[in-house]
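Throughout, residue positions are numbered sequentially from 1 according to the sequence presented. One-based numbering, in listed order, for ligands and for the atoms of each.
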Amino acid sequence: MTNPLAPRLDGRVAVITGAGSGIGRATALRFASEGANVVCVDLDETSGKAVADEVGGMFIQADVTNEDAVRAMYAAAVTEYGSVDIAFNNAGISPPEDDSILTTGLEAWRRVQEVNLTSVYLCCKYAIPHMQRQGKGSIINTASFVAVMGAATSQISYSASKGGVLAMSRELGVQFAREGIRVNALCPGPVNTPLLQELFAKDPERAARRLIHIPLGRFAEPSEIAAAVAFLASDDSSFMTANTFLVDGGISGAYVTPE
Ligand SMILES: NC(=O)c1ccc[n+]([C@@H]2O[C@H](COP(=O)([O-])OP(=O)(O)OC[C@H]3O[C@@H](n4cnc5c(N)ncnc54)[C@H](O)[C@@H]3O)[C@@H](O)[C@H]2O)c1
């Protein structure tokens with residue numbers, strides 16, 4: 001019988017994009033605490049390296065929109081640690097120029113699609129062949145609750161990109177299921193990260209407009225999202241693939257919320 005208290009990710013190799021901040025950083029800490037070798041990928045050298053040092057892992061500076069860089073980062077993980085068992089494709093942006101469809105320009109639209117959606121396409125494209133060779137792997141792609149719900153406070157390219165991540169994850173989960181590769185989409189609700197704090201600290205009314213829709217009455221902490229990612233990464237979720245995994249404080253299930 002397996003010991004339920006054994007670290008679930010002992011010896012597994014996890015590549016995390018956007019590991020320098022927020023959800024990526026919290027997940028790097030969580031994965032390491034569960035025994036994984038963590039490869040921290042980020043565009044930002046200072047923060048990415050700091051997290052890699054914190055978890056005793058490897059740092060790779062890469063722009064996840066760059067095909068060569070993405071191919072090379074999985075190759076580097078294999079060279080260093082021997083496999084790619086977990087790919088957490090998490091890097092994403094949410095710039096203020098991405099707003100209503102009526103005001104969002106093509107350049108802002110394209111940039112968000114590149115970083116949020118094309119990057120996930122590239123990461124899956126180059127992680128999967130390693131997992132095929134191993135006959136095993138878990139891919140977690142960060143979508144968002146906005147992939148399944150509409151907001152009047154629009155960020156049109158962001159929402160469309162996350163819808164794409166959700167559909168792509170489902171399709172890959174189905175295609176590669178019988179090769180032992182699981183692909184799930186993580187859909188967090190609003191998370192208390194620097195980005196969100198910056199946005200709402202300045203404007204409590206904007207925060208209140210969102211909090212009213214969350215049954216649990218607060219934003220998530222990054223560690224709560226990391227716990228869900230660790231579950232999807234581990235064999236505890238061995239019968240889950242092609243799934244829309246909502247970790248949203250109840251938003252998507254709510255009509256009227258508690259006062
Ligand atoms: N924070 C939320 O409320 C929330 C909610 C739902 C989904 N998400 C999603 O979760 C993911 C992580 O969000 P977060 O809040 O932790 O963000 P964050 O801004 O705190 O961290 C994102 C990290 O990605 C890196 N990054 C950005 N562009 C990159 C690129 N081209 N190549 C490599 N690295 C790059 C950044 O340097 C940063 O370290 C994103 O995909 C985001 O859309 C966030």
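Side-chain atoms of Thr241 come within 3.5 Å of backbone atoms of Val183 as a donor-acceptor pair (strictly under, hydrogens ignored). Looking only at distances, no side-chain donor or acceptor of Asn89 sits under 3.5 Å from a matching main-chain atom of Cys123. Glu221 places no side-chain N or O within 3.5 Å of a backbone atom of Ser223 that could act as its donor or acceptor partner. Under a 3.5 Å cut-off, the side chain of Gln61 and the backbone N or O of Val41 do not form any donor-acceptor pair.
Heavy-atom distances between Tyr158 and ligand 1 reach below 4.0 Å in at least one pair. Taking 4.0 Å as the cut-off, Thr17 does not count as a neighbour of ligand 1 on heavy-atom distance. Residue Ala143 places a heavy atom under 4.0 Å from ligand 1. Ligand 1 lies less than 4.0 angstrom from a heavy atom belonging to Pro190.
Evaluation of the salt bridge (Lys or Arg N to Asp or Glu O under 4.0 Å) rule for Glu34 yields Arg8, Arg30 as partners, not counting sequence neighbours. Remark: Arg12 engages Asp235 in a salt bridge (Lys or Arg N to Asp or Glu O under 4.0 Å) (not counting sequence neighbours).
Scanning both residues, Asp98 and Ser157, for their nearest heavy atoms gives OD1-N, 2.9 Å. In terms of heavy atoms, Ile93 sits closest to Arg111 at CD1-CG, 4.0 Å. The nearest pair of heavy atoms linking Val55 to Cys40 is CG2-SG, 4.2 Å.
Distance from atom 22 (C) of ligand 1 to its nearest protein heavy atom, with residue and atom name: Gly92 O, 4.0 Å. Counting protein heavy atoms only, atom 28 (N) of ligand 1 is closest to Val115 CG1, 3.8 Å. The protein heavy atom nearest to atom 24 (O) of ligand 1 is Gly18 CA, 3.3 Å. Summary of contacts: the protein heavy atom closest to atom 16 (O) of ligand 1 is Ile23 N, 2.8 Å. The protein heavy-atom contact nearest to atom 10 (O) of ligand 1 is Thr142 CG2, 3.2 Å. Closest to atom 6 (C) of ligand 1, if we only count protein heavy atoms, is Pro188 O, 3.4 Å. Scanning the protein heavy atoms around atom 27 (C) of ligand 1, the nearest turns out to be Ile93 CG2, 4.0 Å. Nearest protein heavy-atom contact of atom 33 (C) of ligand 1 is Ala62 O, 3.2 Å.
Which parts of ligand 1 touch Ser144 is read off a 4.0 Å heavy-atom cut-off, strictly below it: atoms 6 (C), 7 (C). Ligand-side atoms of ligand 1 in range of Gly22: 16 (O), 20 (O), range being under 4.0 angstrom from any heavy atom.
With a heavy-atom cut-off of 4.0 Å, Ser119 does not touch ligand 1 at all. In Lys162, the part holding a heavy atom less than 4.0 Å from any atom of ligand 1 is the side chain.
Checking Gly189, Cys40, Ser21 against atom 18 (P) of ligand 1, the nearest heavy atom belongs to Ser21. Scanning Asp63, Val112, Asp44, Thr193 for the heavy atom closest to atom 1 (N) of ligand 1 points to Thr193. Between Val70, Asp42, Asn90, it is Asn90 that holds the heavy atom closest to atom 40 (C) of ligand 1. The nearest non-hydrogen atom to atom 32 (N) of ligand 1, considering only Ile16, Asn116, Val64, comes from Val64.
For the atom pair CG (Leu117) and NZ (Lys162), the distance works out to 9.0 Å, reported to the nearest 0.5 Å. Rounding to the nearest 0.5 Å gives a distance of 4.0 Å between CG of Leu166 and OG1 of Thr244. Expressed to the nearest 0.5 Å, how far CZ of Phe219 lies from CZ of Arg210 amounts to 7.5 Å.
Residue Val191 places at least one N or O, backbone or side chain, under 3.5 Å from an N or O of ligand 1.
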> Going through the checks in order, is the salt bridge (Lys or Arg N to Asp or Glu O under 4.0 Å) test met by Glu179 and Arg133?
Replying inline: CA-CA 9 Å; Glu179 295 187 60; Arg133 267 195 303 281; over 6 Å; no

